[in-house]
Novice: 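Once you've had a glance at the structure underneath, I'll fire off some questions.
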Amino acid sequence: MSSGARRRKIALLGSRSVGKSSLVKQFIENQFIDSYYPTIEVAYVKTIVHKGNEYVLEIFDTAGQDEYTPINSQHAIGIHGYVLVYSIASRISFEMIQIIYDKIIDFSGLTDIPCVIIGSKSDLDSSRQVDAAEAQQLAQTLKAGWIEASAKNDVNVAKAFELCVQEIEKRNPSNQKEVKAGPGCVVV
Ligand SMILES: Nc1nc2c(ncn2[C@@H]2O[C@H](COP(=O)(O)OP(=O)(O)OP(=O)(O)O)[C@@H](O)[C@H]2O)c(=O)[nH]1
């Protein structure tokens, strides 16, 4: 990592079994595993280059949420951006997106959070329960990015994480002037 790299923390949230871990595994390790192991919590690190800048992404893969799962402070404090995942083949998982979004807003006290909504398992088009247009509409309302992706076929996976970085940086226009601590830095 060069000293100029920007560290950005990203949390993945969504219902159980929507493919959060599979998206991260495809992004980090370029592999897809068919079997299902519920996640407790895993953190990954990957360096990417976005618009000529190096980013060290710390990605937190979380346990699947339901409407009663409280927001964990670890997933809200110090997080720069969110990846909210639903499966295009599960209406219920799509309905969880607004619920999770509202919980983050309530917890953080912010009015707007950098996030990207991912319609996962896009290879399951024949079992589709969520229209792309409807999901895009929700993303527009939440001022979020949106993309459909398939971890299985490695479609739009890297792009989804890049979109998240884009949403983070969109809200951080001062990042050009980011102060980097160094030997010449004096704290008074
Ligand atoms: N067809 C298809 N299946 C997928 C895809 N991504 C994940 N799956 C399958 O969906 C199941 C759940 O995937 P996970 O990645 O473990 O889901 P998760 O959201 O991390 O689950 P939790 O840990 O419970 O939150 C597994 O059997 C995966 O193989 C995909 O892109 N296409």
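Order of listing sets the numbers, starting from 1, for every ligand and every atom in it. It should be emphasised that the depicted structure is a prediction, and the values quoted were computed from it without experimental measurement.
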Novice: Residues two or more places apart in sequence or in another chain: which of them pass side-chain contact (heavy atoms from CB on, under 4.5 Å) with Glu95?
Specialist: Arg91
Novice: Does any part of the side chain of Ile10, heavy atoms only, come nearer than 4.5 Å to the side chain of His80, both counted from C-beta?
Specialist: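 Counting from C-beta outward, His80 and Ile10 never come under 4.5 Å.
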Novice: Heavy atoms only: which of Glu148, Lys121, Gln65, Lys25 is nearest to atom 9 (C) of ligand 1?
Specialist: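 The option holding the nearest heavy atom is Lys121.
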Novice: Going by heavy atoms in the side chains, are Val83 and Ile118 under 4.5 Å from each other?
Specialist: yes
Novice: For Arg8 and Tyr55: C-alpha separation, side-chain torsions, deciding distance, then whether side chain to side chain donor-acceptor pair (under 3.5 Å) applies.
Specialist: CA-CA 7 Å; Arg8 297 291 182 258; Tyr55 290 88; 5.4 Å; no
Novice: Between Gln26 (side chain only) and Ala151 (backbone N and O only), is there a donor and an acceptor less than 3.5 Å apart?
Specialist: yes
Novice: For ligand 1, is there an N or O atom under 3.5 Å from any N or O atom of Ser122?
Specialist: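 The answer is no, given that Ser122 and ligand 1 share no N or O pair closer than 3.5 Å.
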Novice: Using heavy-atom distances only, which candidate in Ser22, Pro38, Ser17, Gly64 approaches atom 12 (C) of ligand 1 most closely?
Specialist: Ser17
Novice: Run the numbers on Ser90 and Ser87 for side chain to side chain donor-acceptor pair (under 3.5 Å), then give the verdict.
Specialist: CA-CA 5 Å; Ser90 161; Ser87 157; 5.5 Å; no
Novice: What residue and atom, counting heavy atoms only, is the protein's closest point to atom 31 (O) of ligand 1, and at what distance?
Specialist: Ala151 N, 3.0 Å
Novice: Does Asp131 use its side chain to pair, donor to acceptor, with the backbone of Glu134 at less than 3.5 Å?
Specialist: no
Novice: With a 4.5 Å limit on heavy-atom distance, are the side chains of Val155 and Glu148 in contact?
Specialist: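 Of all side-chain heavy-atom pairs linking Glu148 with Val155, none is under 4.5 Å.
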Novice: For atom 24 (O) of ligand 1, grab the closest protein heavy atom and report residue, atom and distance to one decimal in Å.
Specialist: Tyr36 OH, 2.5 Å
Novice: Please determine if Lys46 forms a cation-pi arrangement with Phe27, meaning its NZ or CZ atom is less than 6.0 Å from the six-membered ring centre and no more than 45° off the ring axis.
Specialist: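 Yes, Lys46 lies over the aromatic ring of Phe27.
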Novice: Give me the residue, atom name and distance of the protein heavy atom closest to atom 1 (N) of ligand 1.
Specialist: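 The closest one turns out to be Asp123 OD2, 2.8 Å.
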Novice: Among all protein non-hydrogen atoms, which one is nearest to atom 26 (C) of ligand 1, and what is the separation to 0.1 Å?
Specialist: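 Of every protein heavy atom, Asp34 O, 3.7 Å lies nearest to atom 26 (C) of ligand 1.
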Novice: Identify, for atom 23 (O) of ligand 1, the protein heavy atom at the shortest distance, and state residue, atom and that distance.
Specialist: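 The protein heavy atom lying closest is Thr39 N, 2.7 Å.
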Novice: Which part of Val18 is near ligand 1, with near meaning a heavy atom under 4.0 Å away: side chain, backbone, both or neither?
Specialist: both
Novice: Is Phe32 close to ligand 1, meaning an N/O of one under 3.5 Å from an N/O of the other?
Specialist: no
Novice: For atom 17 (O) of ligand 1, which protein heavy atom lies nearest, and how many Å away is it?
Specialist: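 For atom 17 (O) of ligand 1, the nearest protein heavy atom comes out as Gly19 N, 3.1 Å.
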Novice: Quick one: are Phe94 and Gln129 in side-chain contact, heavy atoms under 4.5 Å?
Specialist: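 No; the side chains remain at least 4.5 Å from each other.
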Novice: Give yes if a backbone or side-chain nitrogen or oxygen of Asp61 is under 3.5 Å from a nitrogen or oxygen of ligand 1, and no if not.
Specialist: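 Among all N and O atoms of Asp61, none is under 3.5 Å from an N or O of ligand 1.
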Novice: Students should be able to answer this: which protein heavy-atom is nearest to atom 25 (O) of ligand 1, and at what distance?
Specialist: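 Of every protein heavy atom, Lys20 NZ, 2.7 Å lies nearest to atom 25 (O) of ligand 1.
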Novice: Do any pairs count as a side chain to side chain donor-acceptor pair (under 3.5 Å) and have a residue in residues 136-147, sequence neighbours left out, and if so which ones?
Specialist: Tyr86-Trp146
Novice: Is there at least one pair of N or O atoms, one from Lys152 and one from ligand 1, spaced under 3.5 Å apart?
Specialist: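 Yes; the residue has a nitrogen or oxygen that sits under 3.5 Å from a nitrogen or oxygen of the ligand.
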Novice: Can you list the ligand 1 atoms lying under 4.0 Å from a non-hydrogen atom of Ser150?
Specialist: 31 (O)
Novice: Is there a heavy atom in Ile33 that sits closer than 4.0 Å to ligand 1?
Specialist: yes
Novice: Does even one non-hydrogen atom of Ser120 get within less than 4.0 Å of ligand 1?
Specialist: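 No, Ser120 has no heavy atoms under 4.0 Å from ligand 1.
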Novice: Can you list the atoms of ligand 1 that are under 4.0 Å from a heavy atom of Leu124?
Specialist: 1 (N)
